[in-house]
Every structure is written in C-alpha cells, then in structure tokens.
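Atoms considered below: every heavy atom in the structure, side chains included; atoms not considered: hydrogens, waters and symmetry mates.
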Amino acid sequence: MKYHFFIFHFLIIFSFHNIFPGEIEIPKPTEEIDPHAHHRKESKEQSHHHELRADQIAPAGLMFPHVHRKGSWVLDFRYMGMQMSGLLNGSKSMGTYEALWFPQFDPSVSMPSGSLLTGGPNIPQTSANGYRYMSVPKSMLMESYMTSAMYGISDDTMIMFMVPVVKNQMMMETSNFDSSAMKSGGVGDISFSAAHRILKRNDHEFFLNFGISLPTGSIDERDWMPMMGNQKVPYNMQPGTGTINYLPGIAYSGKSDRFSWGLGANANLRSSKNQNQYRFGNIYELNSWIAYSIFSWTSISIRVQAVYWDNIKGQDGSLDPKMDPQNDPNRQGGNRTDSLVGMNFLLEEKIRFGFEVGKPFHQHLNGPQLAMQTMFNVFVRYDLN
C-alpha cells in the first residue's frame, strides 16, 4: 500500500504545482517585442484547448467523470475480465489440498469467559469447532460486459445509465480428488449516476459524482456441484447483490501539452440486507493515473489502484460455510493494490478505443480465497452527435 500513497503524493504535488504556479520569475534578457505575438499565443491556446486527443478519456478500467457538451449523447461499451487462481490466506499462499485437509475453525464461535476454577457459568471448550472443507476453488474467470448511455445536461453536468451483463466460470476441487466446472451469469445490477464539474481552472478539473444501483441481478443462481448436486452457487458467483447500493465519488484530472493525469476515490455502499438475509461488504477504491500523448490519436498510460472490501454481513441460510470457503461470509473481505498499463486510440473524431492490462503487486485476503492474477479491460466509445 505504501507504494500507492507515494504515487498519489507525487501526483498531487505535480498537479497543484501546475494549478498554483509561483509568482517569482527570473529576469530574462531584453528581447525585441513582436506586436503580433499575443494574438498568435492566444490562437495557439484556443487551438490546444479544442484539440481532440486520445488521452482525454481515462484508462479503460476507469469510468472516470468526463463532461460532454450540453445536449450531446455518448454510447460506451466496456469489457472487464479478471483471472484468479491459487489460494491466499492473508498474504500467504495456500495449496488446494492443504485447504481441503487442514482443519478449519469457525470464526463465529467465541470462547466462553468462565472456567471451572473461577466458578464461571460456562465450561471452557477444548475444541474451536474444527471442520474440513468438502470443496475449494482452483481458478475463476469473472467477466463483465457493460453498456452505458451518457447525456450532457449542461457543459458541466453529465448523467449516465449502465446495464452490466456478468459471466462467471470456476473450477472446483473436491476432497475425493474430483475436479469440475461451475458457471453462472446474467444481467447484473443496473445503475444510474451523475457527475458534476465543480471547478475548472486552466487545464485542471474537479468533479463530484453520485450514483445508485438497483437490485436487478439474481442472487439465487444455481449450478451442479460435485458431491452436492444442483446447488446455489457461492456469493461471489451471483450476478447481483440483491440490495440498493450507493455510489459516491470524487475526482480530479489535469493535462499539459503531452501529459494528462488524474486522481479519484469511489465507494460502493450497501444499503441493507437482501431477501436472503445478507449484504455484501462495502467497497472502497482509490485510483491514480498518468498518460502520455504519443500522437494526438494515441496515448499510453500507467495506473495504480488500491481496493478494500469488507466481509459479508449476515448469511444466506442455504449456503453451508463448512462445505466451501466461498460460502463463509467471514472469508470474503480483503485488500489489493494493482498496477496497470494501457493505451487509448482516437480512431476518428467520434470513435475512441482503449485497452488496459494489469496485475496486483500486493493482496491480503480473509482467506482461503482465490488470488487475483491478471486483469484486462477494453472500451469503445461512440459520440452520437
């Protein structure tokens, strides 16, 4: 995590140095005054301000606030894929058979406070409710296909409607050495959001954004599982959350002749428990990125993101936490820091395309949980005006 904050600190200093430049200037030798220099400079700045650049859009893995002209429509199509494999318990790697055969303990069982010697009301337990899992995950591919429509209410305010389609595939290993695939998918939770530019100074912009997602995705998907038959898939395989979620965020972006950069913080806050008597943990995300414009139609970017997510609150009574660690609400949280590189392309005035690939360089999971290995993001954006 410390590397992430170093990068944030550098970008903040770099950004505000450009916003609030020093007023003391070193005297320069007297030069001949060009009476038309001011007009040429003004024309150049106006041209630069309206210039179309590939890096005007944030890297592919970010739905970063971006204002549109009043009355304009934009369609955005995105793919996000995450490949996971191997188990982590905290930051320590855990083998598949180690997770299957090593005794686990129920974290919801607390030790009594009394004892036989003190005469307390409870007799101390000699066992902390040990058990062994019947199956554990080996690998997983999570894919999201998102279609968004954006509209400019004004030159400073944009609204967006997004429909995600989720597809999950997982390989499982059982205690009797069988392997099998498990799948789920469907429409996820649709969302409505708005972004407003609260401040613009030269080439620096600050945004506030807020959204809400509705429980349109299923939380009752089922599939065949080894040793258990047709069962409900675990929490992380369900396309939806079953709850209304709030999506606040704040963002800053800046640019110069060749560089652009940004900082952002977002959250996904769950409102209450769903009909199955649980709610997913809140998610908090920080992002920093910097891009370099190779040509006006091509840019390359580097991004660092830190994500923290809580355990599940409550429990689905049909998911036995002793069968599979993914069914345990107390083994769902964690944090991760990722580094990603990407490219954006301005194909023509109305069409943009970009991709991004990355890997985590730190992750700590309330495991055993599947560890993130790679991420791949793609977007295509079309201006309807």
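Checked against the 6.0 Å centroid criterion, the rings of Tyr97 and Phe177 qualify as a close aromatic pair.
Taking CZ of Phe206 as the reference point, atom NE2 of His196 lies at 14.0 Å (rounded to 0.5 Å). Atoms CG and CG, from Asn330 and Asn366 in turn, are 9.0 Å apart once rounded to the nearest 0.5 Å. Annotation: the span from Gln332 atom CD to Asn327 atom CG amounts to 8.5 Å, rounded to 0.5 Å. Atom CZ of Arg78 sits about 9.5 Å away from atom CE of Met162, to the nearest 0.5 Å. Here the CE atom belonging to Met172 is positioned 10.5 Å from the CE atom belonging to Met134, to the nearest 0.5 angstrom.
Remark: Asp383 does not engage Arg381 in a salt bridge, criterion side-chain N to carboxylate O under 4.0 Å. Between Arg53 and Asp55, at least one side-chain N (NZ, or NE/NH1/NH2) sits under 4.0 Å from a carboxylate O, which counts as a salt bridge. Classification of Arg336 and Asp338 as a salt-bridged pair holds, one side-chain N sitting under 4.0 Å from a carboxylate O. The existence of a salt bridge linking Lys232 and Glu221 is excluded, since no basic side-chain nitrogen approaches an acidic carboxylate oxygen closer than 4.0 Å.
Residues His204 and Tyr252 bring a donor and an acceptor atom of their side chains to less than 3.5 Å of each other. Residues Gln326 and Asn236 bring a donor and an acceptor atom of their side chains to less than 3.5 Å of each other. With no hydrogens or angles considered, a side-chain donor-acceptor pair links Thr241 and Asp189 at under 3.5 Å. Counting only N and O atoms by type, the side chains of Gln83 and Thr374 include no donor and acceptor under 3.5 Å apart. When only modelled atom types and interatomic distance are considered, Ser218 and Asp220 share no side-chain donor-acceptor pair under 3.5 Å. If you check the side chains of Ser148 and Asp76, you find no donor sitting under 3.5 Å from an acceptor. A donor atom on one side chain and an acceptor atom on the other are not found under 3.5 Å apart for Ser154 and Asp156.
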**Request:** Give the C-alpha distance, both sets of side-chain angles, the deciding distance and a yes or no for side-chain contact (heavy atoms from CB on, under 4.5 Å) between Met150 and Ile159.
**Result:** CA-CA 6 Å; Met150 290 167 271; Ile159 57 174; over 6 Å; no

**Message:** Show, in sequence, the C-alpha distance, side-chain angles and deciding distance for Tyr292 and Ile302, and conclude whether the side-chain contact (heavy atoms from CB on, under 4.5 Å) test is met.
**Reply:** CA-CA 9 Å; Tyr292 178 74; Ile302 299 174; over 6 Å; no

**Asked** Please walk me through it: do Leu62 and Arg303 pass side-chain contact (heavy atoms from CB on, under 4.5 Å)?
**Response** CA-CA 10 Å; Leu62 282 178; Arg303 178 164 69 96; 3.6 Å; yes

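Closest of all the heavy-atom pairs between Tyr133 and Ala99 is CD1-O, 3.6 Å. Minimum interatomic distance between Pro325 and Val136 (heavy atoms only, all atoms of both residues): CD-CG1, 3.9 Å. Nearest heavy-atom pair across Ala265 and Leu286 is CB-CD2, 3.6 Å. Smallest separation of non-hydrogen atoms from Trp101 and Ser175: CZ2-O, 3.4 Å. Between Ser318 and Asp316, the shortest heavy-atom contact is OG-OD1, 2.7 Å.
Between Tyr246 and Phe210, the angle of the ring planes stays under 30°, which puts this pair in the parallel group of the 30/60° scheme. Aromatic ring orientation, Tyr278 versus Tyr235: perpendicular (interplanar angle above 60°, classes split at 30° and 60°). Relative ring orientation between Phe355 and Phe345 is described as parallel, the plane-to-plane angle staying below 30° on a 0-90° scale split at 30° and 60°.
In this structure, Arg69 places its CZ atom where only 12 or fewer heavy-atom neighbours from other residues, nucleotides or ligands lie under 6.0 Å away. More than 12 heavy atoms of other residues, nucleotides or ligands lie within 6.0 Å of CD in Glu348, so this atom counts as buried by the packing criterion.
The side-chain heavy atoms of Met146 and Tyr79, taken from C-beta on, include no pair separated by under 4.5 Å. The closest side-chain heavy-atom distance from Glu205 to Phe207 is below 4.5 Å.
The side chain to side chain contact (heavy atoms under 4.5 Å, CB included) with Leu365 is formed by just one residue from the set Asn335, Asn89, Leu370, Leu88; it is Leu88.
Evaluation of the salt bridge (Lys or Arg N to Asp or Glu O under 4.0 Å) rule for Asp223 yields no partner, not counting sequence neighbours.
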